[in-house]
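Only one structure is covered here, and it is reproduced in the block below.
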Amino acid sequence: MKNLAITSIALATTFSLYAPAQAAPYQNNYQTYVIHTYGGNALLPAVRQQLNSTSDGGTVTIYQDKLVLRTTATNYQAVQQLISQIDGQPQALTVAVRVGNSSSTQGNIQQGRVIISNRGVQGAGVISQSNTNQQSNSLYQVQTLSGSAASIGTNTLYSLAQNYRINSYPTYNRPTRQIIIQQQVLLPTTQGIQVIPRLLSTGQVEVQLAQAEEKLVSANSRYSQNNRSQNSTIQGQRLNSTIIVPRGHWVTIGQVSENSQTQSSSYGSNRDSVTSNSVPIQLLVQ
């Protein structure tokens, strides 16, 4: 009789069990809070710094100028106190920009004649002087909230029957803008301002200003709206600046000046002419 050896093989299966990580104890006290603000996104750095300075922390996001906090009740009260100190309703500000135009012309005419007759040589001379002064200005005024952008202006569409020339001051780069309909040139010009005023803690106002003044000038004073002279010239002036000004006072923030002198002479006559043009730009915030 043969002995049969029976080997029992035991299969062992090992199971690894992973328990989910438990949240930090303070996170169990987290709640969601919504705070209405004026500053909105500008407040995020300060609020995050406040939350990160605590041991139990929290998170903050922004939605339509509302702060959405996920934190503890204690941190929520601290954030509320912080916002009450740094966030407030923006004040209304009125920004006015005055663009002047002053021109003066001084002319001298000297005329003389010599008469030779049997009585001898006789001379006579005439000196005449003329002065012409012209002044005009454009005023743009707009109201907005501190920190908010605003703009105001006008646009004029000129129909040009002939060619035109662009004449601009050195600081003004005018883009090419024209509309051509059935070989008719339509040229838009712009006059106006864009501003972003911001009230500072000192009571002064920081103003970001963009201003443009364009116009069509013709050498022929008799041109009409529908028939521009071939000598028509587009003159433009533009200003971009950020400046801090006091409230309630006009401040000159820029000026464009041009001076020209012409001389001509012919037999028995001399003509001198001096022309000065000045375009001061002034700003007022109330």
Side-chain angles (χ1 to χ4, degrees), residues 14-97 140-153 192-212 239-251 253-254 281-286:
T14 303
F15 296 94
S16 298
L17 300 179
Y18 295 91
Q22 294 183 355
Y26 56 78
Q27 291 186 357
N28 295 329
N29 298 324
Y30 273 11
Q31 296 184 30
T32 301
Y33 304 92
V34 178
I35 302 177
H36 296 262
T37 68
Y38 294 106
N41 197 60
L43 300 173
L44 281 180
V47 174
R48 285 189 177 127
Q49 184 179 8
Q50 172 67 30
L51 293 175
N52 293 336
S53 65
T54 62
S55 59
D56 43 9
T59 61
V60 58
T61 56
I62 191 76
Y63 177 74
Q64 294 182 351
D65 291 334
K66 301 180 184 68
L67 295 180
V68 181
L69 283 80
R70 181 73 179 164
T71 187
T72 63
T74 302
N75 286 346
Y76 167 65
Q77 294 176 358
V79 170
Q80 270 193 321
Q81 184 178 1
L82 172 66
I83 291 178
S84 66
Q85 296 175 355
I86 64 175
D87 187 40
Q89 183 175 2
Q91 292 190 25
L93 299 172
T94 300
V95 180
V97 176
Y140 306 97
Q141 184 171 300
V142 65
Q143 188 178 66
T144 185
L145 296 177
S146 175
S148 299
S151 64
I152 189 172
I193 60 172
Q194 294 179 344
V195 296
I196 303 178
R198 191 181 307 277
L199 184 62
L200 304 179
S201 59
T202 59
Q204 295 177 307
V205 182
E206 179 189 80
V207 181
Q208 298 180 34
L209 170 65
Q211 174 267 329
L239 172 69
N240 290 278
S241 179
T242 300
I243 189 172
I244 297 176
V245 297
R247 295 184 69 174
H249 300 280
W250 282 103
V251 178
I253 59 174
I281 304 170
Q282 296 178 308
L283 174 67
L284 171 68
V285 181
Q286 293 180 325

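Keep in mind the model is a prediction, meaning the values are calculated, not measured. Only heavy atoms go into these numbers, but all of them, side chains included; no hydrogens, no water, no symmetry mates.
Two residues are said to be in side-chain contact when any heavy atoms from C-beta on lie closer than 4.5 Å; I83 and L67 meet this criterion. In this structure, the side chains of P246 and V251 come closer than 4.5 Å at one or more pairs of heavy atoms. Within the 4.5 Å cutoff, no side-chain heavy atoms of L51 are placed close to those of T59.
Across all non-hydrogen atoms, the minimal contact from H249 to L284 is N-CD1, 3.3 Å. The two residues N75 and G57 make their nearest non-hydrogen contact at ND2-O, 2.8 Å. The minimum heavy-atom distance linking R247 with A92 is given by the pair NH2-O, 4.3 Å. In this structure, L199 and Q204 approach most closely via the heavy-atom pair CD1-O, 3.6 Å. When every heavy atom of D65 is checked against every heavy atom of G40, the shortest pair comes out as OD1-CA, 3.7 Å. Considering every non-hydrogen atom in both P90 and L145, the closest pair reads O-CD2, 3.9 Å.
For the atom pair I243 CD1 and I253 CD1, the distance stands at 5.5 Å (nearest 0.5 Å). With rounding to the nearest 0.5 Å, the separation of CD in E206 from CD1 in I244 is 5.5 Å. Atoms CZ and OG1, on R48 and T61 in that order, are 8.5 Å from each other to the nearest 0.5 Å. Atoms CD and CD, on Q80 and Q50 in that order, are 12.0 Å from each other to the nearest 0.5 Å. Atoms CD and CD, on Q194 and Q211 in that order, are 11.0 Å from each other to the nearest 0.5 Å. Distance check, rounded to the nearest 0.5 Å: CG of L209 to OH of Y140 gives 11.5 Å.
Exactly one residue among V47, V68, L44 makes a side-chain contact (heavy atoms from CB on, under 4.5 Å) with I62. That residue is L44. Just one residue in the list T74, L43, I35 forms a side-chain contact (heavy atoms from CB on, under 4.5 Å) with V79, and that residue is I35.
With 3.5 Å as the limit, one finds no donor-acceptor pair spanning the side chains of T37 and D87. Side-chain N/O atoms of S146 and R198 include no donor and acceptor closer than 3.5 Å.
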| task | Carefully, step by step, assess Q141 and I152 under the rule side-chain contact (heavy atoms from CB on, under 4.5 Å). | result | CA-CA 7 Å; Q141 184 171 300; I152 189 172; over 6 Å; no

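Proximity of a side-chain donor or acceptor of D56 to a complementary backbone N or O of T71 within less than 3.5 Å is not detected. Between the side chain of Y30 and the backbone N or O of G58, at least one donor-acceptor pair lies under 3.5 Å. Here the side chain of T144 pairs no donor or acceptor atom with the backbone of L93 at under 3.5 angstrom.
Counting non-hydrogen atoms of neighbouring residues, nucleotides and ligands closer than 6.0 angstrom, the CD atom of Q81 reaches no more than 12 such neighbours.
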